[in-house]
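Just below is one structure, and these are the notes that go with it.
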Amino acid sequence: MRAEFNMNNYKVIPLLVFLLCLFNSLNASAEGSEKTGEKIVEKPNIIFIYCDNLGYGDIGCFGSKIIKTPNLDKMAREGRKFTSYYVSSGVCTPSRASLMTGCYAQRIKMHISSTGRSVLRPLDQKGLHPDEVTIAEVLKKSGYKTACFGKWHLGDQPVFLPTRQGFDEFFGVPYSDDMTATVGRRIKKNWPELPLLENEKVIEAPVDRNELTKRYTERSIRFIKENKDRPFFLYLPHAMPGSTKKPFASKGFRGKSQAGSWGDSVEELDWSTGEILKALK
């Protein structure tokens, strides 16, 4: 079955088109093998890297002259660079809900929090409903090992966490890095310290945000090596550059860029991508 799109007439999300095609091919391969006994084509590994608040012009291949991103620039040269991309929302929770399910956030009631906010906040009793079908669940049924390392923001209560949404592993923060017990001079008395979760257990609170990119990268590399002989889906939603006025970065990157703390954070994200590429090779 072949579908052709005229990109001048339609606004499509490349990622969702790709995932739809992948899902169809996986089902077709499985059905074909059952009926004919033919060898199944090897399933591709999938790594989806997602950054929080990264600007279009923060990367060299998209125009940055002061932030150095050699690894991402190389990917653009050797692979495919999209200059037009659409998401269902400009804020965290609804856009991530769409990426996970392929649905507009309004259709699955993830466009507002339980208190009418545009995104979920700590201790919200709302989240991505367990009955919704996620890309992780689809791939897991097709034999994939699945992991989410990074910022989730689709519900911080146990029933909404990645491990209940098709991911075998989760290591990360449940919401935005700026949602801390103390925001500026304002104290959010009912908010906990920003937690770092291992699957469904809080292992640190507050987490050192300077180390998040580095730790997510290390976990990703370990996951890749552990699953090198089987198909895997790695969802890496980085917390950086994030929503704070001054983004965080580990010691090796702080004060090194020509664009202040924002540039430091972006250059560490570029380093992270390079390390993941090395692990894949």
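Residue indices begin at 1 and follow the sequence shown.
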_If only side-chain N and O atoms count, and only distance matters, is there a donor-acceptor pair under 3.5 Å linking Ser257 with Glu267?_
no

*For the side chain of His238 and the backbone of Thr213, is there at least one donor-acceptor N/O pair under 3.5 Å apart?*
no

*Minimal non-hydrogen separation, Gln165 against His129, with atom names*: OE1-O, 4.0 Å

*Nearest 0.5 Å, what's the OG1-CE distance between Thr69 and Met75?*
11.5 Å

*How many angstroms lie between OG in Ser243 and CG in Asn53, if you round to the nearest 0.5 Å?*
4.5 Å

_Leu212 reachable from Phe253 in the ILVMFWY side-chain graph, under 4.5 Å edges_ = no

*Which atoms form the tightest heavy-atom contact between Ala205 and Val202, and what is the distance?*
CB-CG1, 4.2 Å

*Is any side-chain heavy atom of Leu280 less than 4.5 Å from a side-chain heavy atom of Asn45?*
no

_Lys74 and Thr273, any side-chain heavy atoms less than 4.5 Å apart_ = no

*asked:* Counting C-beta onward and ignoring hydrogens, is there a side-chain heavy-atom pair between Trp191 and Arg121 closer than 4.5 Å?
replied: yes

*asked:* List the residues meeting salt bridge (charged side-chain N to carboxylate O under 4.0 Å, His left out) with Glu211, not counting sequence neighbours, and say none if there are none.
replied: none

*asked:* Is there a continuous path of hydrophobic side-chain contacts, each under 4.5 Å between heavy atoms, that joins Val91 to Val173?
replied: yes

*asked:* Please report the interatomic distance CD1(Ile221) to CG(Leu234), rounded to the nearest 0.5 Å.
replied: 10.5 Å

_Trace of the side chain to side chain contact (heavy atoms under 4.5 Å, CB included) decision for Thr83 with Tyr56_ = CA-CA 9 Å; Thr83 56; Tyr56 185 97; 3.8 Å; yes

*Six-ring centre of Tyr216, Lys151 cation under 6.0 angstrom, axis tolerance 45°*: no

*asked:* Please report the interatomic distance NZ(Lys126) to CG(Asp156), rounded to the nearest 0.5 Å.
replied: 14.0 Å

_Using salt bridge (charged side-chain N to carboxylate O under 4.0 Å, His left out), reason through Arg222 and Glu169 one step at a time and then give a plain yes or no._
CA-CA 12 Å; Arg222 190 173 89 186; Glu169 300 179 36; 5.3 Å; no

*Check Ile66 against Ala259 and note the closest heavy-atom contact, atom names and distance.*
CD1-CB, 3.8 Å

*Using the ring of each side chain (for Trp, its six-membered ring), is Tyr50 parallel, tilted or perpendicular to Tyr235, with breaks at 30° and 60°?*
tilted

_Heavy-atom side-chain contact between Phe171 and Arg215 under 4.5 Å_ = yes

*asked:* What I'd like to find out is whether the side chain of Arg107 reaches to under 4.5 Å of the side chain of Thr101, using heavy atoms alone.
replied: no

*asked:* Do Leu72 and Leu277 land in one hydrophobic cluster if side-chain heavy atoms of ILVMFWY residues count as linked below 4.5 Å?
replied: yes

*Between Asp178 (side chain) and Thr244 (backbone), is there a donor-acceptor pair under 3.5 Å?*
no

*Verify the cluster assignment for Phe170 and Phe160: are they in a single hydrophobic cluster under the rule of side-chain heavy atoms below 4.5 Å apart?*
no

*Looking at Leu194 and Ser176, what are the two nearest heavy atoms and their distance?*
CD1-O, 3.8 Å

_Worked check of side chain to side chain contact (heavy atoms under 4.5 Å, CB included) between Met179 and Val119_ = CA-CA 11 Å; Met179 293 182 173; Val119 299; 3.8 Å; yes

_Side-chain donor-acceptor contact under 3.5 Å, Ser114 with Asp124_ = yes

*Is it true that Lys140 and Asp168 make a salt bridge, defined as a side-chain N closer than 4.0 Å to a carboxylate O?*
yes

*So do Phe248 and Met240 actually touch side chain to side chain, heavy atoms under 4.5 Å?*
yes

*Are any side-chain N or O atoms of Glu78 and backbone N or O atoms of Ala76, one a donor and one an acceptor, separated by less than 3.5 Å?*
no

*Who pairs with Glu218 by salt bridge (charged side-chain N to carboxylate O under 4.0 Å, His left out), at least two apart in sequence or on another chain?*
none

*Let me know which of Phe232, Phe233, Tyr144 forms a side-chain contact (heavy atoms from CB on, under 4.5 Å) with Lys43.*
Tyr144

*To the nearest 0.5 Å, how far apart are CD in Gln258 and NZ in Lys65?*
13.0 Å

*Can you see which heavy atom on Pro94 is nearest to which on Ser118, and at what distance?*
CD-O, 3.6 Å

*Ile203-Val207 co-clustered via ILVMFWY side chain contacts under 4.5 Å*: yes

*Less than 4.5 Å apart, any side-chain heavy atom of Thr93 and any of Leu154?*
yes

*Under the salt bridge (charged side-chain N to carboxylate O under 4.0 Å, His left out) rule, what do Glu132 and Lys109 come out as? Steps first, then yes or no, please.*
CA-CA 11 Å; Glu132 297 297 337; Lys109 302 188 185 305; over 6 Å; no

*Crowding at CZ, Arg230 (>12 non-hydrogen neighbours, <6.0 Å)*: yes

*What distance separates Phe167 CZ from Thr134 OG1, expressed to the nearest 0.5 Å?*
6.0 Å

*Any side-chain heavy atom of Glu268 sitting closer than 4.5 Å to one from Lys256?*
no

*Could you walk me through whether Ile135 and Ile46 pass side chain to side chain contact (heavy atoms under 4.5 Å, CB included), step by step?*
CA-CA 11 Å; Ile135 177 61; Ile46 304 169; over 6 Å; no

*Work out which heavy atom in Thr180 is nearest to a heavy atom in Asp177; give both atom names and the distance.*
CG2-O, 3.5 Å

*Please walk me through it: do Ser98 and Val87 pass side chain to side chain contact (heavy atoms under 4.5 Å, CB included)?*
CA-CA 8 Å; Ser98 294; Val87 293; over 6 Å; no

*Hey, does the side chain of Lys145 reach the backbone of Asn227 with a donor-acceptor pair shorter than 3.5 angstrom?*
no

